2 protein chains.
Amino acid sequence: MNEGVEWAMHSCLNLAWIGEGGDGRDGREGGGPRAVTAARLAAYHELPTAYLNKQLQALVRAGILSSVSGPRGGFRLARGLDRITLMDVVVAIEGPDEAFRCTEIIGQGPGAVTTGRPSAECAIAEAMGRAELAWRRELAARTLADVRAQAERQAPSAPERIRRWFASTA
Amino acid sequence: MNEGVEWAMHSCLNLAWIGEGGDGRDGREGGGPRAVTAARLAAYHELPTAYLNKQLQALVRAGILSSVSGPRGGFRLARGLDRITLMDVVVAIEGPDEAFRCTEIIGQGPGAVTTGRPSAECAIAEAMGRAELAWRRELAARTLADVRAQAERQAPSAPERIRRWFASTA
DNA sequence: GAATCACTACTCGGATAGGGTGTGTCCGAGTATACATGG
DNA sequence: CCATGTATACTCGGACACACCCTATCCGAGTAGTGATTC
């Protein structure tokens, strides 16, 4: 799996924590002055700046983030964390294609069955699809808000620490 | 996902159907004379022979198939389909690594937390791992015997047709 | 003093190279068969 | 006729190229701020 998924999720969480900072804005839409640049988000985890920028662009295309160019520009959450599922992020980065793609080999070669809709007869694709559906359901059921709550439960000091770091070195 | 997974599963099912053929052997261990070559398994679905051979080797290493070299050689099921889960095949081909690997970026950079076991604190990795676990559970719960039963339910004529084809053109 | 305008600096956005993992192919190691040979 | 040894053909097994996608990077488009200029 593309590791940009992990970066994107961390960045979204960081954006949420930063957005709750001093000015009272919550980091969501509405012209809040605190748009965070890709460079700072990358610096926090020592990631390649330009590449993270590319991933964030994908999130913008998916409507998860909103971006603004120019000075004072950067990225902002387009909606609350409770409206962003892990599935949304994965689809935004990895694309909508499912991992197991049935190449319909059952419909090729001497053993071909020409009676329409061959995919419906492929029990293998059906079983693999069922497993992947379970994976997708699990991801779609969990929002970034849930993950954030879990993270704060495990490390209550993290939000304040992150806010501090992003506030300093302005 | 590696598409060799699909090939491997189809080949296993074909081996099982062929094994139940005329001589009364069930295709499992025990010196049954009907070992099927990679070339014939590949020809049935018009797949590249050498590459399918490579995948079948992986199944042998995983103990799913048993191989025999030389004339009259080929591949045979090492155990019954009811003892082969979809997870076994996936692991044999794809390897045991999980798709989402946590690169521990939370432990890098200025925001690093040096209090031991950082992975335990990564709520993202925990959530992704939970989803992947659901996927693995689903695959581990379904055996190739289940898939075969489903396939025969959808296309009752398939086993006989496959047996015929592999018996002919000897 | 206030408004206007050009300039500058900064950020995203998409287009452009490099590396690693699948994808596909090839030739050698090993063996059961068939045959020639000798008893 | 039967046993033995040898040659042979066939199959798996691992080593060798090719291609595609992920990774990483760079430069251009667009914009908010800044300062000078003018009324």
Side-chain angles (χ1 to χ4, degrees), chain A residues 1-8 11 15 31-43 45-76 78 90 92-97 99-101 103 105 170, chain B residues 1-8 11 15 31-43 45-78 90 92-101 103 105 170:
Chain A
M1 168 165 313
N2 194 325
E3 69 176 321
V5 173
E6 188 185 1
W7 303 358
S11 295
L15 279 174
R34 294 285 179 139
V36 185
T37 69
R40 287 192 64 70
L41 286 170
H45 292 299
E46 291 179 352
L47 302 176
T49 302
Y51 190 32
L52 177 63
N53 189 13
K54 188 179 177 62
Q55 311 289 1
L56 296 180
Q57 286 175 31
L59 294 183
V60 171
R61 274 191 289 271
I64 295 173
L65 298 184
S66 75
S67 65
V68 45
S69 287
R72 306 299 247 173
F75 293 91
R76 230 175 302 131
V90 170
I93 302 293
E94 291 267 295
D97 302 344
F100 182 87
R101 53 179 194 278
T103 56
I105 67 173
Chain B
M1 167 164 315
N2 195 325
E3 69 177 320
V5 173
E6 188 185 1
W7 302 358
S11 295
L15 279 174
R34 293 288 179 136
V36 185
T37 69
R40 287 192 65 68
L41 285 170
H45 291 301
E46 291 181 351
L47 302 175
T49 301
Y51 191 32
L52 177 63
N53 189 15
K54 188 180 179 65
Q55 312 290 0
L56 296 180
Q57 286 174 32
L59 294 183
V60 171
R61 274 191 290 270
I64 295 173
L65 299 184
S66 74
S67 65
V68 45
S69 285
R72 304 302 246 175
F75 294 92
R76 228 174 305 128
L77 287 170
V90 170
I93 303 294
E94 291 265 296
D97 302 343
E98 46 185 285
F100 183 86
R101 53 181 194 276
T103 55
I105 68 174

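What you are looking at is a predicted structure, and each value in this text was computed from that prediction instead of being measured. Chain letters run A, B, ... following the sequence lines, proteins first and then strands; every chain starts at 1.
Residue-level contact check: B:A38 touches the backbone only, with heavy atoms under 4.0 Å from sugar-phosphate atoms and none from bases.
Applying the side-chain contact (heavy atoms from CB on, under 4.5 Å) rule to B:E98 yields the partners B:E132, B:R136; only residues at least two apart in sequence or on another chain are considered. Considering only residues two or more places apart in sequence or on other chains, A:S69 meets the side-chain contact (heavy atoms from CB on, under 4.5 Å) condition with none of them. For B:V36, the side-chain contact (heavy atoms from CB on, under 4.5 Å) criterion is met by B:L15, B:I18, B:R40, B:L41, B:F166, not counting sequence neighbours. In this view, B:A50 satisfies the side-chain contact (heavy atoms from CB on, under 4.5 Å) rule with no residue, not counting sequence neighbours. For A:Q55, the side-chain hydrogen bond (donor to acceptor under 3.5 Å, both in side chains) partners two or more places apart in sequence, or in a different chain, are A:Y51.
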Pick out the pairs of N or O atoms, protein on one side and nucleotides 18-20 of chain D on the other, that lie under 3.5 Å.
none

Between the protein and nucleotides 14-21 of chain C, which nitrogen or oxygen pairs come in under 3.5 angstrom?
unit_1: C:dG14; atom_1: OP2; unit_2: A:Q57; atom_2: OE1; d: 3.3
unit_1: C:dG14; atom_1: OP2; unit_2: A:R61; atom_2: NH1; d: 2.8
unit_1: C:dG14; atom_1: N7; unit_2: A:Q57; atom_2: OE1; d: 3.4

Just the atom pairs and distances: protein N or O near nucleotides 33-35 of chain D's N or O, under 3.5 Å.
none

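Each of A:V68 and A:N2 lies near DNA chain D, and the nucleotide nearest A:N2 is the one positioned closer to the 5' end. Projected onto DNA chain D by closest heavy-atom contact, A:G70 and A:Q55 fall at different nucleotides, the more 5' of which corresponds to A:Q55.
Rounded to whole Å, atom P of D:dA24 lies 14 Å from atom CD of A:E46. One interatomic measurement links the two molecules: CG of B:L59 to P of D:dC12, which rounds to 13 Å at whole-angstrom precision. To the nearest angstrom, P of C:dT23 lies 12 Å from CD of B:E6. Atom CG in B:L52 sits about 12 Å away from atom C1' in C:dG24, given to the nearest Å. Distance CD (B:E3) to P (D:dC21): 12 Å, rounded to an integer number of Å. As rounded to whole Å, 11 Å separates atom C1' of D:dT23 from atom CZ of B:R101. Protein atom CG of A:L47 is 12 Å distant from nucleotide atom P of D:dT23, rounded to whole Å. As a whole-Å value, the separation of A:L56 CG from D:dT25 P is 15 Å.
One finds a side-chain N or O of B:S67 lying less than 4.0 angstrom from the OP1 or OP2 phosphate oxygen of D:dG13.
Each of B:V68, B:V60, B:I64 was compared with B:F75 under the side-chain contact (heavy atoms from CB on, under 4.5 Å) criterion, and only B:V60 meets it.
Distance from the side chain of B:T37 is smallest to D:dT11 among C:dG22, D:dT11, C:dT25.
Atom CG of B:L56 is separated from atom OG of B:S11 by 5.5 Å, given to the nearest 0.5 angstrom. Between the CZ atom of A:R72 and the OG1 atom of A:T37 there is a distance of 11.5 Å, given to the nearest 0.5 Å. Taken to the nearest 0.5 Å, the CD atom of B:Q57 stands 10.0 Å off from the CG atom of B:L52. For the atom pair CG of A:N2 and CD of A:E94, the computed distance is 5.0 Å after rounding to the nearest 0.5 Å.
Closest heavy-atom contact between A:R76 and A:R34: CG-O, 4.3 Å.
Counting heavy atoms from C-beta outward, A:I93 and A:L59 have side chains that approach closer than 4.5 Å.
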